[in-house]
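Numbers here simply count residues along the sequence, with the first being 1. Just so you know, ligand 1 is whichever comes first in the structure, and atom 1 is the first atom listed for that ligand.
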Amino acid sequence: MIEYFSKVFRGAWATVAGMMVTLKYMVKPSVTVHYPTEKLVPFERFRGALLFDPGTCISCNLCVKACPSTCITLENATIPDPKNPAIKKKVAKVDWYTIDFGKCNFCRLCEESCPTKPKSVWHSLDYEVVFFSRDEMVRCWKAGTKFVGQYWDRKEKAFKDPEGQIQIQDVQARR
Ligand code: SF4
Ligand code: SF4
């Protein structure tokens, strides 16, 4: 008889102990978010998708030299030489700039080497970069292009805005 009630008590106590653990976590603040309707904002030094500003770039080539994956290419803007208009002179502006995200290892060396203030190439906090085709992985920028860049659609022979990139925050981190 004592053995029987002892077993009942131990079973009831195990249930109460389990419920106490459940109740303890029920009142604690939640550490998970309802992704994708809720999104965590990464820490300030997070290396998300690269962005570029053709307006501030001085076409110094330092990011191209610093990149260990050889995924950046650019072309200097030129103006006609006033003495001889047939000759084109390079100016400290970029004509076009590209980054191949298929090769990028997100090392931040391009951003660190960039001498402009604020940086002309920088990691955003965006981690939801989705590419629907190989073409979309090569981002291109020209004067007036948005920070996220565009890609060249080889089938339609036209520049297009990337579809897969979702802005985690409206204001992009830029150092
Ligand atoms: S993050 Fe690194 S690999 Fe990617 S473009 Fe910049 S330097 Fe190159
Ligand atoms: S992004 Fe920065 S480092 Fe690269 S060419 Fe432009 S100014 Fe130079």
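With a 4.0 Å cut-off on non-hydrogen atoms, R108 touches ligand 1 through its backbone and not its side chain. Counting heavy atoms under 4.0 Å from ligand 1, residue C110 touches it through both backbone and side chain. Contacts between T116 and ligand 2 below 4.0 angstrom, taking non-hydrogen atoms only, involve the side chain exclusively. In I72, neither the side chain nor the backbone holds a heavy atom less than 4.0 Å from any atom of ligand 2. The side chain of L50, and not its backbone, has at least one atom closer than 4.0 Å to an atom of ligand 1 (non-hydrogen atoms only; side chain from C-beta on).
For R134 (side chain) and G102 (main-chain N/O), no donor-acceptor pair under 3.5 Å exists by modelled atom type. With hydrogens and angles ignored, the 3.5 Å screen pairs a side-chain donor or acceptor of K119 with a backbone N or O of E111. Counting only distance, with no hydrogens or angles, the side chain of D53 and the backbone of S120 share no donor-acceptor pair below 3.5 Å. Side chain of S113 to main chain of L109: a donor-acceptor pair is present (N/O by atom type, distance under 3.5 Å, no hydrogens or angles). Although no hydrogens or angles enter the test, the distance criterion places a donor-acceptor pair under 3.5 Å between the side chain of S124 and the main chain of D126.
The distance from the SG atom of C140 to the CH2 atom of W96 is 8.5 Å, given to the nearest 0.5 Å. Here the straight-line distance linking atom OG1 of T145 with atom CD of Q150 works out to 5.5 Å at 0.5 Å rounding. Here the CG atom belonging to L51 is positioned 9.0 Å from the CZ atom belonging to R139, to the nearest 0.5 angstrom. Distance check, rounded to the nearest 0.5 Å: CZ of R47 to CG of L125 gives 13.0 Å.
Atom 4 (Fe) of ligand 1 lies under 2.8 Å from an N, O or S atom belonging to C104.
Within ligand 1, counting atoms from 1 as listed, the ones closer than 4.0 Å to a heavy atom of N105 are 2 (Fe), 3 (S), 4 (Fe). Listed by number with element, the atoms of ligand 1 under 4.0 angstrom from any heavy atom of F106 are 1 (S), 4 (Fe). Using a 4.0 Å cut-off to heavy atoms of C107, the atoms of ligand 1 that qualify are 1 (S), 2 (Fe), 3 (S), 7 (S). The L74 neighbourhood of ligand 2 comprises atoms 5 (S), with distances under 4.0 Å to a heavy atom of that residue. Residue N61 approaches ligand 2 through these ligand atoms, each under 4.0 Å from one of its heavy atoms: 5 (S), 8 (Fe). For ligand 2, the atoms lying closer than 4.0 Å to a non-hydrogen atom of C60 are 3 (S), 5 (S), 7 (S), 8 (Fe). Those atoms of ligand 2 with a heavy atom of F52 less than 4.0 angstrom away are 1 (S).
Protein heavy atom closest to atom 4 (Fe) of ligand 2, with residue, atom name and distance, is C63 SG, 2.3 Å. Of the protein's non-hydrogen atoms, the one nearest atom 8 (Fe) of ligand 1 is C67 SG, 2.4 Å. Counting protein heavy atoms only, atom 2 (Fe) of ligand 2 is closest to C114 SG, 2.4 Å. Closest protein heavy atom to atom 6 (Fe) of ligand 2: C57 SG, 2.3 Å. Regarding atom 7 (S) of ligand 2, its nearest protein heavy-atom neighbour is I58 N, 3.4 Å.
Contact analysis puts C71 in contact with ligand 1, with a non-hydrogen atom separation below 4.0 angstrom. Remark: distances from the non-hydrogen atoms of R47 to ligand 1 are all 4.0 Å or more.
The aromatic rings of F101 and F106 sit tilted, their planes meeting at an angle between 30° and 60°.
Note on D81 versus K88: no salt bridge recorded, every NZ/NE/NH1/NH2 to OD/OE distance being 4.0 Å or above.
When every heavy atom of K93 is checked against every heavy atom of G55, the shortest pair comes out as NZ-O, 3.5 Å.
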